[in-house]
Enquirer: 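This is the structure, below, for whatever I ask next.
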Amino acid sequence: MEAAYMQDGTQVHKGEDARLASFVGAISIADLVKTTLGPKGMDKILMKTSGHDQGVEVTNDGATILKSVFVDNAAAKVLIDIAKVQDEEVGDGTTSVTVLAGELLRQAENLVMLQRIHPQTIVAGWRLARQYAREALESHARNNSADAAAFRKDLVKIATTTLSSKLLTHEKDYFANLAVDAVLRLQGTGNLDYIQVLKRPGGQLRDSYLEEGFLLDKKIGVGQPKRIENAKILIANTPMDTDKIKIYGSRVRVDSINKVAEIEEAEKEKMRTKCQKIIDHGITVFINRQLIYNYPEQIFTEAGVVSIEHADFDGVERLAAVTGGEVTSTFDHPELVTLGECKVIEEVMIGEDKVLRFGGCKSGEACTIVLRGSSSHVLDEAERSLHDALCVLISTVKEPRTICGGGCTEILMAQAIDRHVAETPGKKAIAMEAFAKALRQLPTIVADNGGYDSAELVTQLRAAHASGKDSYGLDMYNGSVACMNELGIMESFKSKLQVLISASEAAEMLLRVDDIIKAAPRQRDQGYGY
């Protein structure tokens, strides 16, 4: 019927075909990252196959894996998008949200295809189940933000739990404390720009450390002092290479070599004037995003001003934030320019490399985490792992409630839903049971990935919760169930809530689909000479 009024090349999948395509695509993406879930999850090798880039990444970070996958299925793209949102919103739980959405759709496939329950009935049951699950999650959450010492312990536990499933798991206690120290320095601002991560190959992961200050991977100009105290810093983004003649798209014809010398002298005078304007700001350090050529560098050296060139844009922006200055492009009004300040700038060695250390910055929250490792692949994965931990900690500082990890809350929410199933009339109760079953799949997958008998462990966990031990979860190092409070396995409330909401909403949206229309691109009109 649609073919009568649709353009050639447009495809329409209707009814069960459309629903089946959605189920298959979403479940396939969930199965792709399922084996990376939990502290004993496996890693994936991501190979780039383009001609100029043959890079290799080794990771078990769900967001990184899904970002590198190109898919043609609409439902698969929706799951990849919710993983990206989870990564941006919380930083962790990207694999969990994808797997939970996939498991919900796996249950929905059974209800729609075999039991012939209408999708809207399933959605209504899921919304009830989500409400009961959220209430159970909120009742189980704890808040120790009033006690600074107890809250720090909670943050360390959350960071340790987050890092347990990452490359840094063998040094998780060390890196958890390092991440907590960095986040607490922010004093609640939550601005990750103040935490710089600097990667340096060499040594081992344990050699990583927290530098209280800002490190810039640049060098001081030739013949200038390598240590400056009580620095007044002008941060700029301006061309400092006009000692070279640059007249684009035009030709200059002169009748003698003296005229060329006059043009060069005029250019030099222009640069000399610009440098003098910069010096007149009363600065001791000039940092430019662009290059500083030899002649202006010489002028700065003679004036006793330290110049640092080619600081990358991120470095300049972050440096402006931590020193309290502003990035400037014009220098005619010194009274309108805000200079940056710090107590000391000096060269320090990291391995065999020299970097500049800015100590005692005006914004004291600034710090740099220096990562050491045996190879670039290890460092890249360590940076991703640490970034996840930092993001989770910052979200926990903003929303300080915490919950038990290890599959404890999934079983808790599933049992809360099961209690309400008996009171719910109609087919919505079947959908609620399916929602609870999908939640229980998460600890099942975690146990499977550890090589344990998942059926045995999950039934033991359900029995423990039924007997009132609502803090029990999976102990993945001993293959048993244990109290998560005693083991210190703790997660952020915001992260778990975001997983629950995002996964269920995405699954609802895909479940309501009954047509998939692939529209052909509009053909360019050939009549206008294109």
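Heads up: numbering here begins at 1 and tracks the sequence.
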Enquirer: Near Arg134 CZ, under 6.0 Å, is it more than 12 heavy atoms from other residues, nucleotides or ligands?
Expert: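 Not buried by this count: 12 neighbours or fewer within 6.0 Å.
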Enquirer: Taking the side chain as C-beta and beyond, is there a heavy-atom pair between Pro39 and Val446 under 4.5 Å?
Expert: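 In short, these two side chains touch, coming nearer than 4.5 Å.
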Enquirer: Give me each pair satisfying salt bridge (Lys or Arg N to Asp or Glu O under 4.0 Å) with a member in residues 432-447, each pair once, sequence neighbours excluded.
Expert: Asp418-Arg440
Enquirer: Compare every heavy atom of Ala431 with every heavy atom of Leu111, then report the nearest pair and how far apart it is.
Expert: CD1-CA, 4.0 Å
Enquirer: Keeping the roles fixed (side chain from Asp388, backbone from Ser385), state whether a donor-acceptor pair exists under 3.5 Å.
Expert: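 Judged by distance alone, no pair lies under 3.5 Å.
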Enquirer: Would Cys408 and His465 count as a side-chain contact (heavy atoms from CB on, under 4.5 Å) if you check the C-alpha gap in whole Å, the side-chain angles of each, and the deciding distance to 0.1 Å?
Expert: CA-CA 9 Å; Cys408 169; His465 276 254; 3.8 Å; yes
Enquirer: Please determine if Lys84 and Asp87 form a salt bridge, counting it only when a charged side-chain N lies under 4.0 Å from a carboxylate O.
Expert: no
Enquirer: Locate the shortest heavy-atom distance separating Val97 from Ser502; write the atom from each residue and the value.
Expert: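 Scanning both residues completely, I find the closest heavy atoms to be CG2-CB, 3.7 Å.
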Enquirer: List the steps and the verdict of side-chain contact (heavy atoms from CB on, under 4.5 Å) for Lys398 and Ile394.
Expert: CA-CA 6 Å; Lys398 294 177 181 175; Ile394 284 175; 4.0 Å; yes
Enquirer: Rounded to the nearest 0.5 Å, what separation is found between the CD1 atom of Ile489 and the CD1 atom of Ile403?
Expert: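 If we round to the nearest 0.5 Å, Ile489:CD1 and Ile403:CD1 are 13.0 Å apart.
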Enquirer: I'd like to know whether NZ of Lys428 has more than 12 heavy-atom contacts from other residues, nucleotides or ligands below 6.0 angstrom.
Expert: no
Enquirer: Using a strict threshold of under 4.0 Å (side-chain N to carboxylate O), is an ion pair present between Lys496 and Asp92?
Expert: no
Enquirer: Does any part of the side chain of Tyr452, heavy atoms only, come nearer than 4.5 Å to the side chain of Leu474, both counted from C-beta?
Expert: no
Enquirer: Can you check salt bridge (charged side-chain N to carboxylate O under 4.0 Å, His left out) on Glu109 and Arg106, steps first, answer last?
Expert: CA-CA 5 Å; Glu109 182 182 17; Arg106 201 188 303 271; over 6 Å; no
Enquirer: Evaluate the side-chain proximity of Phe358 to Ile233: yes if any heavy-atom separation is below 4.5 Å, no if none is.
Expert: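 Side chain of Ile233 against side chain of Phe358, heavy atoms only: contact under 4.5 Å found.
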Enquirer: Can you check whether Leu356 reaches Phe214 side chain to side chain, under 4.5 Å on heavy atoms?
Expert: no
Enquirer: For the atom pair CG (Leu155) and CG (Asn177), what is the distance rounded to the nearest 0.5 Å?
Expert: 10.5 Å
Enquirer: Under 3.5 Å, is there a donor-acceptor pair linking the side chains of Thr94 and Gln86?
Expert: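 No pair is found: no donor N or O on one side chain lies under 3.5 Å from an acceptor on the other.
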Enquirer: Checking the side chain of His377 only, and the main-chain atoms of Val58 only, is there a donor and an acceptor separated by less than 3.5 Å?
Expert: no
Enquirer: Looking only at heavy atoms, what is the nearest atom pair of Val180 and Arg152, with distance?
Expert: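 For Val180 and Arg152, the tightest heavy-atom pair comes out as CG1-NH1, 3.4 Å.
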Enquirer: Hey, is the main chain of Glu346 close enough, under 3.5 Å, to the side chain of Arg357 for a donor-acceptor pair?
Expert: no
Enquirer: Which distance, rounded to the nearest 0.5 Å, do you find between the CD1 of Ile158 and the OG1 of Thr402?
Expert: 5.5 Å
Enquirer: May I ask you to check whether over 12 heavy atoms, not counting those of Arg462, lie within 6.0 Å of atom CZ?
Expert: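 Count not over threshold, so no.
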Enquirer: If you take all heavy atoms of Leu105 and Ala26, which pair is closest and at what distance?
Expert: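 Looking at all heavy atoms of both residues, the closest pair is CD1-CB, 3.3 Å.
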Enquirer: Would you please name every residue forming a side-chain hydrogen bond (donor to acceptor under 3.5 Å, both in side chains) with Asp173, sequence neighbours left out?
Expert: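 Result, side-chain hydrogen bond (donor to acceptor under 3.5 Å, both in side chains) vs Asp173: none returned.
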Enquirer: Would you say that Asn485 contacts Cys404 through its side chain, given a criterion of any heavy-atom pair below 4.5 Å between the two side chains?
Expert: yes
Enquirer: Answer with yes or no whether the side chains of Thr35 and Lys44 bring together a donor and an acceptor at under 3.5 Å.
Expert: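 Lys44 vs Thr35: donor-acceptor pair found between side chains.
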Enquirer: Calculate, to the nearest 0.5 Å, the distance between atoms OG1 and CG belonging to Thr444 and Leu439 respectively.
Expert: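 Answer for the OG1-CG pair, Thr444 versus Leu439, is 11.0 Å.
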Enquirer: Could you tell me whether His420 atom NE2 has more than 12 heavy atoms of other residues or ligands within 6.0 Å of it?
Expert: yes
Enquirer: Is the shortest side-chain heavy-atom distance between Ile445 and Glu103 below 4.5 Å?
Expert: yes
Enquirer: Decide yes or no for Thr396 and Lys494: does some side-chain heavy atom of the first lie under 4.5 Å from some side-chain heavy atom of the second?
Expert: no
Enquirer: Taking atom types as modelled and ignoring hydrogens, do the side chains of Gln460 and Glu456 form a donor-acceptor contact shorter than 3.5 angstrom?
Expert: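 Judged by distance alone, the side chains do pair up.
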Enquirer: What is the distance from atom NZ of Lys427 to atom CD1 of Ile117, rounded to the nearest 0.5 Å?
Expert: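 These two atoms lie 6.0 Å from each other.
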Enquirer: Using the side-chain contact (heavy atoms from CB on, under 4.5 Å) rule, take Phe175 and Lys166 through it: C-alpha gap first, then chi angles, then the decisive distance, then the call.
Expert: CA-CA 11 Å; Phe175 280 96; Lys166 312 288 183 186; over 6 Å; no
Enquirer: Go through the steps for His387 and Val197 under the test side-chain contact (heavy atoms from CB on, under 4.5 Å), then give the verdict.
Expert: CA-CA 9 Å; His387 179 265; Val197 179; over 6 Å; no
Enquirer: With rounding to the nearest 0.5 Å, note down the distance linking CD in Gln441 to CG in Leu100.
Expert: 10.5 Å
Enquirer: Taking all non-hydrogen atoms of both residues into account, name the closest pair between Tyr174 and Tyr209 and its distance.
Expert: OH-CA, 4.0 Å
Enquirer: Side chains of Gln204 and Glu171, heavy atoms from C-beta outward: is any pair under 4.5 Å?
Expert: no
Enquirer: Counting neighbours of CE on Met42 that are heavy atoms of other residues, nucleotides or ligands and sit closer than 6.0 Å, is the number greater than 12?
Expert: no
Enquirer: More than 12 foreign heavy atoms under 6.0 Å from NZ of Lys218: is that the case here?
Expert: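 Buried by this count: over 12 neighbours within 6.0 Å.
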Enquirer: Any donor and acceptor pair, going by atom type alone, linking the side chain of Asn449 with main-chain N or O of Leu37 inside 3.5 Å?
Expert: yes
Enquirer: Taking all heavy atoms of Ile417 and all of Ala133, pick out the closest pair and write down the distance.
Expert: CD1-CB, 4.1 Å
Enquirer: For Leu114, does the CG atom have more than 12 heavy-atom neighbours from other residues, nucleotides or ligands under 6.0 Å away?
Expert: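 Count over threshold, so yes.
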